[in-house]
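Before any comments, here is the structure.
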2 protein chains.
Amino acid sequence: MYPQFRSPCPVASALDLVGDKWSLVVLRTIFAGRHRYNELADITEKISTNILADRLARLEEYGLITKRAYQHNPERFEYHLTERGADFLPVLQQLAIWAREHIPDRWSLPGWFAEGTARQFYPEPGTEGAALNPRAG
Amino acid sequence: MYPQFRSPCPVASALDLVGDKWSLVVLRTIFAGRHRYNELADITEKISTNILADRLARLEEYGLITKRAYQHNPERFEYHLTERGADFLPVLQQLAIWAREHIPDRWSLPGWFAEGTARQFYPEPGTEGAALNPRAG
DNA sequence: CCTATCAACTTTCATATTGCAAGTGACTTC
DNA sequence: GAAGTCACTTGCAATATGAAAGTTGATAGG
């Protein structure tokens, strides 16, 4: 499930999972309510599809997201955050706060992101968590 | 000073600066009180020296650290956090909290890291901020 | 039927980044 | 003056990333 870690340092280990150019951008996009492959591919940052497919597979392997079919014939999939993935929200929030403070002309942070909590993005197993989607209203 | 950004998204932009395998590990090491090249090279994660030199140059270019001589003949340098770099502490703290919760057998977080504030790691210009070094006691 | 389209990838190949090892130059110590 | 230390730099192989085109399974239209 996990790769070989460089060391037992928590910071280095987290980066062994998501410390590349695209993983956290993909995660951000899922937080933003985009769950299907084409929605994840069609972002302003222009990720190429081989990279997207690879990152989705890795994030799933590391337990940050789940892949589940939402229809059959043909099978189509949606990618959702696990609890483990939703718990990444504070990391993204702090990254965004840093960037807003120190890089000029960045987008402002939407309320659902700035004030959101991890729990809001992780539908409890067996419930209709999607009804509580904080990006909907 | 800054590279070309993929988009104005704060998360993506922050990753354009430090979204690689080593930048945040180098920053972590400086937070831990190691300021000289050989101290930064001699870490458990085994960074190679060309990568270290390149990351130090980039972190300096992006204004996260400063390089200053602490002696002449031969000239030797120390790398210190700027305010901008010290402000990365919450990002590292959240990354570490995530890793401690979700990856087994990681190092526990030292108090100076877990309870530290950015201000403690950025010596005010013209003062002896090093006297307040939170890792000293 | 035949062509077209869409979704979700996969493949190919060129370019960029990373990693290892060895080398360099200024100075210090034996 | 030979050897060692420090702070890099260079060369080159291995790995990762990026752009574009191809593939597969299905529905839709003429």
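Proteins come first, then strands; the chains are lettered A, B, ... in the order of their sequence lines, and each starts at number 1. The analysis underlying the following values was restricted to heavy atoms, covering all of them including side chains, and did not include hydrogens, waters or symmetry mates. Model, not experiment: these values are computed from the prediction.
The salt bridge (charged side-chain N to carboxylate O under 4.0 Å, His left out) test applied to B/Arg84 returns no partner, not counting sequence neighbours. Scanning for salt bridge (charged side-chain N to carboxylate O under 4.0 Å, His left out) contacts around B/Glu83 gives an empty result, with sequence neighbours left out. By the ring pair (Phe, Tyr, Trp, His ring centres under 6.0 Å) test, A/Phe77 pairs with no residue at all, sequence neighbours left out. Partners of A/Thr117 according to the side chain to side chain contact (heavy atoms under 4.5 Å, CB included) rule, which considers only residues two or more places apart in sequence or in another chain, are A/Arg119, A/Gln120. Among residues two or more places apart in sequence or in another chain, the salt bridge (charged side-chain N to carboxylate O under 4.0 Å, His left out) test is passed with B/Arg36 by B/Glu78.
When the side-chain nitrogen and oxygen atoms of B/Asn38 are compared with OP1 and OP2 of D/dC6, none of them lie within a distance under 4.0 Å. Proximity of B/Lys67 to the phosphate of D/dC8: a side-chain N or O atom is located under 4.0 Å from OP1 or OP2. Under 4.0 angstrom from either OP1 or OP2 of D/dC6 there lies no side-chain N or O belonging to B/Tyr70.
Comparing B/Lys21 and A/Glu39 along DNA chain C, the residue whose closest nucleotide (by nearest heavy atom) sits nearer the 5' end is A/Glu39.
A straight line from CD of B/Gln71 to P of D/dT5 spans 16 Å, rounded to a whole angstrom. The interatomic distance linking B/Arg68 (CZ) with D/dA7 (P) rounds to 15 Å, in whole Å. Note: CZ (B/Arg6) to C1' (D/dG18) measures 13 Å, nearest angstrom. Spacing between atom CD of A/Glu75 and atom P of D/dT27 amounts to 13 Å, rounded to whole angstrom units.
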Pairs under 3.5 angstrom, nitrogen or oxygen only, protein versus nucleotides 23-25 of chain D, please.
from	atom 1	to	atom 2	distance (Å)
D/dG25	N2	A/Arg76	NH2	3.1

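Applying the salt bridge (charged side-chain N to carboxylate O under 4.0 Å, His left out) definition to pairs two or more places apart or across chains, none involves residues 92-111 of chain A. The stretch residues 1-16 of chain B participates, sequence neighbours left out, in these salt bridge (charged side-chain N to carboxylate O under 4.0 Å, His left out) pairs: B/Arg6-B/Asp16. Sequence neighbours left out, the pairs with a member in residues 81-105 of chain A that pass ring pair (Phe, Tyr, Trp, His ring centres under 6.0 Å) are A/Phe88-B/Trp98, A/Trp98-A/His102, A/Trp98-B/Phe88.
Interface residues of residues 43-62 of chain B facing DNA chain D, ordered by number: B/Thr49, B/Asn50; criterion, heavy-atom separation under 4.0 Å.
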Show every donor-acceptor pair shorter than 3.5 Å between a side-chain atom in residues 56-64 of chain B and any protein atom, with sequence neighbours excluded, or say none if there are none.
none

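First and last contacts of DNA chain C with chain A, using any nucleotide atom under 4.0 Å from a protein heavy atom and ordered 5' to 3', fall at C/dA7 to C/dT12.
In terms of heavy atoms, B/Leu109 sits closest to B/Ala96 at CD2-CB, 3.7 Å.
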If you apply the rule side chain to side chain contact (heavy atoms under 4.5 Å, CB included), what do you find for B/Ile43 with B/Arg28, and how did you get there? CA-CA 11 Å; B/Ile43 57 177; B/Arg28 171 214 66 177; 4.1 Å; yes
